[in-house]
Structure formats: structure tokens, C-alpha cells
Amino acid sequence: MTQAVRTTCPYCGVGCGVLAQPDGRLVGDPAHPANKGRLCVKGAALGETLEDAGRLLHPMVDGARASWDAALDRIAGRFAETIAQHGPDAVAFYVSGQCLTEDYYVANKLMKGFIGSGNIDTNSRLCMASSVAGHTRAFGADVVPGVYEDLEEADLVVLVGSNLAWCHPVLHGRLQAARAARGTKLVVIDPRGTATSSGADLHLALSPGSDVALFAGLLAHCAGIGRLDRDWIAAHGSGFEAALAAARQVAPTLERVAALTGLDPEAIARFYAMFATTERTVTVYSQGVNQSAAGTDKVNAILNCHLATGRIGRPGMGPFSITGQPNAMGGREVGGLANQLAAHMRFDMPGAPDRVRRFWRAPNLAERPGLKAVDLFDAVLDGRVKALWVMATNPADSLPRAGRVREALAACDFLVVSDCWETDTTRYADVVLPAAGWGEKSGTVTNSERRISRQRPFRAAPGEAKPDWWALAEVGRRMGWAEAFAWESPAAVFREHAALSAFENGGTRAFDIGAMATLSDEGYDALAPFRWPLRAGATEEGDRLFAEGGFPTPDGRARFVATPFRGLAAAPGGGFPLLLNTGRLRDQWHTMTRTGQVPRLSDHAPTPAAAFAPADAAALGAVEGGLVRLATPHGEAVLRVALDPGQRPGEVFVPMHWTDAFTSSGPVDLLVGAATDPVSGQPELKATPLRAEALPVRWRGLLLHRDAVRPEAPGLHWSRVPVARGHVLELTGAAPLPAEIAPLVESLLAAPAGAELLHIADPARGAWRFAALVEGRVEACLFLVREGSRAGLPAGAALAALLDGTVTEAARPGLLAGRALAAKPAERNVCACFGVGVDTLRTCILDRRLTTVAEVGAALSAGTNCGSCVPEIRALLHDLQAEEAAA
Ligand SMILES: Nc1nc2c(c(=O)[nH]1)N[C@H]1C(S)=C(S)[C@@H](COP(=O)(O)OP(=O)(O)OC[C@H]3O[C@@H](n4cnc5c(=O)[nH]c(N)nc54)[C@H](O)[C@@H]3O)O[C@H]1N2
Ligand SMILES: Nc1nc2c(c(=O)[nH]1)N[C@H]1C(S)=C(S)[C@@H](COP(=O)(O)OP(=O)(O)OC[C@H]3O[C@@H](n4cnc5c(=O)[nH]c(N)nc54)[C@H](O)[C@@H]3O)O[C@H]1N2
Ligand code: SF4
Ligand SMILES: [Mo]
């Protein structure tokens, strides 16, 4: 590689440009409009995820290595057989917002046009389906009207169910810069106190699931004080009076809103006044809104307020659904959800099925929507769906009621899984296909503001890994549709997708990138990021939409939607008095297949923990670092406890990231319920009734191992982080240490046969240390202390050094007691970009009497790159100032 390659980050929907430089470094692309050179911690660590080790390298059929030909023949044959015997609805695809648009287009065309079933759904069902449904109800199509600059040009930004600081860090950075420059007010609506709410002007910690009441009250309030834009409503809306009547019924008074939301009436009134009097208002919303059994109504309750005030599509104003995955939007554009058809056309649109049939020359166009994700896996379990292809998603960990999903995967007659790494899902597969991953494949993604950017390859795919679009097209050809799946490159797929978007469009469909239908291969290679719509002949990229109406509805008007209030699908009670909330942490991505390999990304939160309000923990007798058994109607797990004063009493937060590979707790989705929104089919992932019970801690340990071992022992809880050349596992034991400790040690240490064992035992103090060496090389070390013992455990980070090199004869006696182990515990990293820990920050702030985030940045660089840690630095400054004032 002699020239830098421009590509796009594979993580969140901000869609930052990344420059892969000839020297191997990856940096933010200064020319990309989304990030202008910035990257967050995860983006900045992408270079550390490009190891070939651990990748899937060859197709596997029935557990044995196979050629691509054999694997593809098997897939085409089994799908064809199943369709012949049981009809097209007996097969399905479950794909992902991490597929590129080209992969997604081919999958959708194959299933809906040629196999002839609507059974293709995607993990976007768990992510954006309520926004898709809400947009479609209000606007007539799934359109995000705003652009990122709106967050910078607003005077008020309202974040609803969004932890922007951790989940969309670069956009959060842009918002924070705008706040510093122009004093933008920030309101955060989230039951939890988060890094995002810590710097807000107002945080409304509402009762889970009560957003509809808050926004219905807002609509009623704006109407009551005459703050509506009656002219805009008359010119561009319909159904307003009914929607307002419904809002007034839900929220007749402020007191009623307070009762439904659990908020202080004064705080509600403050929010309403800010919204009513600030023309330039943007409302950003994410999974606290979407992942709800009332998700679609939540979306429409928000949209109603923006439509009724005419605040849409103008600079600094509008509703803004911010997307999660890098290509959540691209998938929606091709029609990858089971209830969509293709290119923003739906089954229920007059003429649309016929149009798509003619364009694709499709022999078997699906006649109706297919099964949505939760129903799809139920159908797999009960045998209605017999052959399933899972691509770029890990449903054994990420779908609610994951235990049942695992049963379905195990029961499925024929399961194909395409992934880059082994996952909890690949282990059920009959055929595993090795997918080319980020940095290796070529295509496009669309970010939250409708901007289409290229992902470009800058390294060779390892082994025989191949891009997903190619595998899908090969199967299409082998099933007898050679001509329809004959593309030679992703550029050719993209041109066809663009042509379909423009086909008989005539301005009736908002999604139109007809200008790209004739793009040359060179043009595709050189394609600069652009925002849709970009109709044939257009020279300027798409801008804000709908300021002057022109909605893609039959009459061009936006629809106000009446949103009655419904509570949670399942409220606490009946033996489950608490509520389980789930979501994301700053430095991990989903099921950790990529971020879980990077040591510095594990520093911020090394162990999966259940966060409790301190009073709840005290009532249970649970302490920080202790163990709890969590149980819901769907499953059980033992986790570590964290105390979090930002947590509302009665609610427990558990991150979604950890899997069987990283902890004995397994994925939290084993516990999460699957009640779905009646319109969108999106499951309520943020509110499952829960019971918790504190468990005693009898001992603690640390295990260093070259392999990613998964130890088993009675009452053992473990979690694993990667270190250079190996892994460190934190062990917590709920059962007493046995009198005869050797069998436990042997099983935990899992030493290779013939290894030499060293040990230091001090049973009186309750401390034991063991090492297993092969040819002078440390293979594993184990440290155990009885709970309550004064002996401590070494720091995990210091342990990692033991895997370096060989241990000399002279160093042997000191190995288990040596200087490396006496090192003080590694401090918790706050700034992952510059590796600045909490103790360093604390000392520097006190010594140099720093008072602002900017001063800290000048002194230590902390917080000056991606800015994700700025909320934590600010909180630390605040705490230290408070301590000083109190002293
Ligand atoms: N670091 C990191 N960033 C990511 C991802 C990641 O895995 N890691 N994943 C990406 C993806 S795919 C997505 S979808 C986005 C998600 O981005 P976000 O939606 O911002 O993230 P979450 O943590 O899932 O949930 C946001 C908040 O919703 C709150 N919430 C829960 N219930 C309610 C409620 O009833 N009402 C309201 N108003 N709020 C509620 C939760 O307390 C939580 O703080 O993040 C993207 N970015
Ligand atoms: N309880 C709870 N559950 C949740 C959520 C929550 O907030 N709470 N959030 C939900 C949301 S919003 C989302 S988006 C989902 C995410 O859930 P998943 O989609 O299951 O999560 P990932 O770990 O991102 O899985 C992507 C998989 O694709 C693989 N992969 C990456 N690139 C490629 C590629 O190019 N081709 C192929 N074939 N494979 C590839 C990765 O290795 C990984 O195994 O989780 C959902 N589940
Ligand atoms: S904010 Fe971070 S994770 Fe999201 S696209 Fe940008 S660099 Fe990637
Ligand atoms: Mo998502």
C-alpha cells in the first residue's frame, strides 16, 4: 500500500471516515464530513483488531473443513430441497446492520424476489424498527429529515433514551464543542444518570417506559399556551386534532404527567418551557425510545411535537433518530426488514410489488411481509422455518430470551452462519462461512444523517474468507438464477440498487439515488461521501427535508398520530420486584468479537457488573465487587455488583456486551424478555422484571493463561480480559475453598501435560500462588486468597508481564513473589486514548490545582482526542472540588 486508503469506521452510526495510512496507522479522515479527522476510543483502537489469529479461515461443513464449492453447493441444495418440500416460507435469512449495502441488497433480492418469501429480517429489528415504523406512520417513509449540523446550530438539544457520550462519541464531541461556543442547552431524558446526563442542564430521570406521557404532555402544553405553528399544521399536516385530543387525554394536567413519569412537576414544567420557547430545538432519540413495547408510539409522540411546532427540516431543528450500527440505514434503504419490500417500497403500497417484480424480473416475488426477528426464531423453534442463514449478527447472545433462541438454533434442521470469528452462534451451525471483514471488503454504508460512504479494503482477507455479497450471489446462481445474480463486483450491485431506487420513482419516493445508477467502476472507487436523495441529474447532495412539507404520503402531508399511553409490557411484581435495564458501555462493541480482543479497551470496565442503586444494594446485603444472583421469568445468572448512585431505586442496569466467551455469567439476554411493540415488532430490551439475591464471596482469585480458558468449579464466577500474549481471568468464589485445594487448582490452572508446577502456599493467611511452566515459559499462573485475608491479589496488568520471555533458573524462586507482582494495582483507565488513569488524574488535579477540563487536557492530554472521557473528568473535578470545599 503506497497511498492512504479512505474508509469508514465499522462501529457506530456516526459513520466516521478513517484513513488507513501506508505506515499501517489508522487515523480519522480530516476530509470526512461526519468526523473531520476525529475518532473515538473504539475507532482509534481499530488497528489493534486486525490480527488474523482467531479468524475463521475456511468454510466448515458439519464440523469439517470444506471447499467453498462444497459449502455453497450444500447451502443451495438444502435451501432448494426445503423449499420444494415445505414451500418458500420454510426458509429464512437473519442479517444485520453490519452488512454493507451491497451484501444486504443481494440477500433481500434473493429472498424476496427469487426464493419468494418475506422471511428476511435483521438485527435492526432489535435496534431501529420502532423508528422505521414511526417515521413511516408520520412521514410516509422511513426518513431522517435532519443533518448533523443541526446539533451544532440548535439552541436546545433534547436527548431521549440516548447515552450519546458513550454510544455516539464523535457526534457528542461536536455537540459539546457547540455548547462551549454558543451555550446550547441540553436536556437528557433517561431513567439512569449517565456520562451524557452528567453535563446536562436538566436530567429527567423518568420512570422506564413513560416517555409517551411526557411528550403527550408537551404537545398539550404547547397547544395550551399557543406555541403551535398553526399555519404549518394547516398547510402540511393531517390528523392533528385527533392527536391533540389523545395527548390531552393522556396528559390532562402537569400533575398527571408527573404521576405517570415519576418526575417532579417543576422539572417537567422547566423542560416544557425550554422546549416551547426555543425555536431551534433538536430532539435526538435512540434505544431508550426504540427498544420498548411502546416504541413506535414514543417515536410518534416526539414527532408530533416537532410537526406541531413546524420545527422540522430547518437549520438547528428537527427530530433526529440516531442510528446504532454502521449500516443500519443502508439496510433500511434496500428493504432488508421483513415488512419492507425494496428501496423504500412496501408490500402495501399500490403498484410497488409489481414494479419490483418487473425491475428484478423476479419469478417468485414474495406476496406478503415475512416473520419479524422474535417471531422468526419462534418459528425456527417450532419447525415452521427449517433452514436459516445468519449473517453478521450473533443472535445466541443478542436476541431476548436467548436461552430459547439457542434451543431454536440447536433444533434448526439446517443452519448456515457467516461470521469473521467463532461466536456463541457459530457453534450451532451446520455450515460456517468465513466472512471477509472490515478493512478487507468493499462496499457502502449509510450513516445517521443519510450520508453514504465507501468502505474500502486496505488489507487482504485471511485464509479463504470472502465477502458476504459474493457468497449470497453464488448461492443464487447455484439455485438456478444465474442471470439475476451475475454481478462481478460490489460496484455493479450498487448501480443496480441505485437504479431500483429511481425506477418509476418520479419524486414519489424520498429514497432516490438515481444519479448513482450509471456510476463507473472508477467512479465507485473514487466515490466521496454524499447524502441522499441524489436523483438522476442532481448535482447537489441531499439536504434537510420536509421544511416545506412534501412528505412521501399520497397527499404530501405529514400524519399526526394519536399516541395513547401504555405502561411497560411487564411491570415489576409477582416475585420480581426490580426492573432490568440493559445497554452499552463506552469501550465495548456489542458481543465483543472485535473490541474484546483489545487490552486497552478492557480497562474501562474489565468485569461485567450489575449496577444497583446503593439503597437497593444495601437492602439486599450486596456490596461493591460482591456477587448477586439475578433471576427473571426467562433465565438466571450470577454477576458482580457495582454501586451506581445514578441508578434509580428499583432498577438494575447490566451491559449487553459479555458472552459465554468472556464470562461465566453469559449474555444478559438470557434474562431479557421478548414482549414486542405491536406496530414495529421491536422487543422491550430495557425493562424486564427481575429478582436479585446477594451471594457470599468466599474467595477471590486471578488466573493468567495463554489460552482463553473457560474454567468451571462449584460457585465460581469468572470474567476474562485480553492482555498481550494471553488472558487474565478475575475469579470470585461463592462456595468455600475446599480443605483439599489441589483438585480445584488443577482444574483452574488447566496446565498443559508435563508442565512444571511452582507454588507458594500460606494457608494460615489464606493465600496461595501457583505457576505452570513449560520449557521455562510461563503457561499459566493462579493466585487465590480467602475472602477477608489480609493477603492481596497482584494487579492483572502486572501479571501479564509474566508471559514475556522465559524464566531463568535464578528468577524461578522469586517468580511468584517477585517485584512485578508487588507492583501497585494498576489504576483504572479514564482516558483510553492517552492511557491516563484515575489516580494520575487525581494527583495532577490536586497538585496543580486544576479546575477545568481544558486545564486537565493541557496538563495530561486526557480528554483531548475523542472526548469520550470528558464527562468523567468533569465529574472528577467536581468531586475533588467538593471534597476540598468540605475539608
Ligand atoms: N460504545 C458503544 N457504542 C455503540 C454501540 C456499542 O455496542 N458500544 N452500539 C451501537 C448501536 S447498534 C446502538 S443501537 C446505539 C445505542 O445507543 P444508545 O441508545 O444511546 O445506548 P443504550 O445504552 O442502548 O441505551 C440508551 C439509554 O436508554 C435508557 N433507557 C432505558 N429505558 C428507557 C426509557 O424507558 N426511556 C428513556 N427515555 N430512556 C430509557 C438507558 O438507561 C440507556 O442509558 O449505540 C451504538 N454505539
Ligand atoms: N439486552 C439487550 N439486547 C440487545 C440490545 C440491548 O440494548 N439490550 N441491543 C440490540 C441492538 S440495538 C443491536 S444492534 C444488536 C447487536 O447484536 P449483534 O448483531 O448480535 O452483535 P454483534 O456482536 O455486533 O454481532 C455482529 C457479528 O457479525 C460479525 N461480523 C462483523 N463484520 C462482519 C461481516 O462483514 N460479515 C459477516 N458475515 N460477519 C461480520 C461479528 O464478528 C459479530 O459476530 O443487539 C441487540 N440486543
Ligand atoms: S464515533 Fe467512534 S465508533 Fe462511532 S463511527 Fe466514529 S470512530 Fe467509529
Ligand atoms: Mo443497534
Side-chain angles (χ1 to χ4, degrees), residues 10-14 40-42 56 95-100 103 122-128 159-169 188-194 196-197 204 206-211 214 284-292 294 298 322-326 328 390-400 402 417-426 433-438 440-441 443 465 467-468 471 568 579-595 651 653-657 659 667-669 671-672 683-688 868:
Y11 296 125
C12 84
V14 177
C40 77
V41 184
K42 295 184 299 303
L56 295 172
V95 300
S96 160
Q98 290 164 76
C99 294
L100 303 185
D103 303 323
T122 128
N123 64 0
S124 284
R125 185 68 59 197
L126 315 176
C127 181
M128 302 311 306
L159 298 178
V160 196
S162 155
N163 189 3
L164 201 73
W166 283 6
C167 296
H168 300 93
V188 174
I189 300 171
D190 189 317
R192 253 182 355 132
T194 62
T196 307
S197 69
L204 298 177
L206 80 180
S207 310
S210 67
D211 305 71
L214 188 64
V284 175
Y285 53 96
S286 187
Q287 299 315 347
V289 168
N290 292 329
Q291 287 172 342
S292 158
K298 288 187 183 184
I322 186 154
T323 54
Q325 297 178 89
V390 174
M391 181 173 284
T393 177
N394 188 4
D397 293 323
S398 61
L399 270 171
V417 180
S418 300
D419 206 295
C420 310
W421 289 277
E422 256 174 46
T423 67
D424 289 340
T425 302
T426 55
L433 297 180
W438 184 78
E440 300 151 11
K441 59 194 287 190
D468 296 311
L568 295 172
L579 203 57
L580 173 63
N581 180 7
T582 62
R584 292 158 172 79
L585 299 183
R586 195 187 76 184
D587 294 354
Q588 293 296 347
W589 176 260
H590 293 171
T591 68
M592 295 167 64
T593 53
R594 195 179 277 283
T595 48
E651 291 160 29
F653 181 85
V654 177
M656 66 168 290
H657 306 294
T659 67
V668 70
D669 272 309
L671 275 66
V672 174
E684 183 148 271
L685 298 172
K686 298 223 176 312
T688 305
S868 313

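Computed over heavy atoms, backbone and side chain alike; hydrogens, waters and symmetry mates excluded. Just follow the structure's listing: the first ligand is 1, and inside any ligand the first atom is 1. All of these numbers come straight from a predicted model, not from anything done at the bench.
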Between [X] and ligand 2, which part of the residue brings a heavy atom under 4.0 Å of the ligand: side chain, backbone, both or neither?
X	answer
Leu433	neither
Thr423	side chain
Thr593	side chain
Asp669	side chain
Cys99	neither

List every atom of ligand 2 that sits less than 4.0 Å from any heavy atom of [X], numbering the atoms from 1 in the order shown and giving each element.
X	value
Ala435	36 (N), 37 (C), 38 (N)
Ser418	37 (C), 38 (N), 39 (N)
Asp419	27 (C), 28 (O), 29 (C), 38 (N), 39 (N), 41 (C), 42 (O), 43 (C), 44 (O)
Ala436	34 (C), 35 (O)

Which heavy atom in [X] sits nearest to a heavy atom in [Y], and how many Å separate them?
X	Y	result
Lys686	Arg584	NZ-NH1, 4.4 Å
Ala436	Pro467	CB-N, 3.7 Å
Ala294	Glu684	N-OE1, 4.4 Å
Pro208	Leu568	O-CD2, 3.6 Å
Gln325	Ser96	OE1-OG, 3.7 Å
Trp421	Thr426	O-CG2, 3.9 Å

message = Measuring from non-hydrogen atoms of Pro400 to any atom of ligand 2, is the shortest distance under 4.0 Å?
response =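 No; Pro400 lies far enough from ligand 2 that no heavy-atom distance drops under 4.0 Å.
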
inquiry  = Has His590 got a side-chain atom pairing as donor or acceptor with Met656's backbone, closer than 3.5 angstrom?
reply    =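 No: the side chain of His590 does not pair with the backbone of Met656.
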
query = Taking only residues two or more places apart in sequence, or in another chain, which ones meet Asn163 in a side chain to side chain donor-acceptor pair (under 3.5 Å)?
reply =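 Asn163: side chain to side chain donor-acceptor pair (under 3.5 Å) contacts with Thr196.
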
key: Rounded distance [0.5 Å steps], CG in Asp468 versus CG in Leu100   =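 Result: 8.0 Å between the selected atoms.
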
message = As a test of reading the model: which residues have a non-hydrogen atom less than 4.0 Å away from ligand 1?
response =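 Its neighbours under 4.0 Å (heavy atoms only) are Cys12, Lys42, Cys127, Val160, Gly161, Ser162, Asn163, Trp166, Cys167, His168, Ile189, Asp190, Pro191, Arg192, Thr194, Leu206, Pro208, Gly209, Asp211, Ser286, Gln287, Gly288, Lys298, Gly324, Gln325, Asn581, Gly583, Arg584, Leu585, Arg586, Gln588, Trp589, His590, His657, Lys686, given by chain and number.
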
query = So do the side chains of Thr393 and Gln98 get within less than 4.5 Å of each other, counting heavy atoms only?
reply =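 They are not in contact (no side-chain heavy atoms under 4.5 Å apart), so the answer is no.
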
query = Is there side-chain contact between Asp419 and Thr425, with at least one heavy-atom pair below 4.5 Å?
reply =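 No - every pair of side-chain heavy atoms lies 4.5 Å or more apart.
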
inquiry  = Between ligand 2 and Trp421, is the shortest N or O to N or O distance under 3.5 Å?
reply    =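 Between Trp421 and ligand 2 (N or O atoms, distance only) the closest approach is not under 3.5 Å.
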
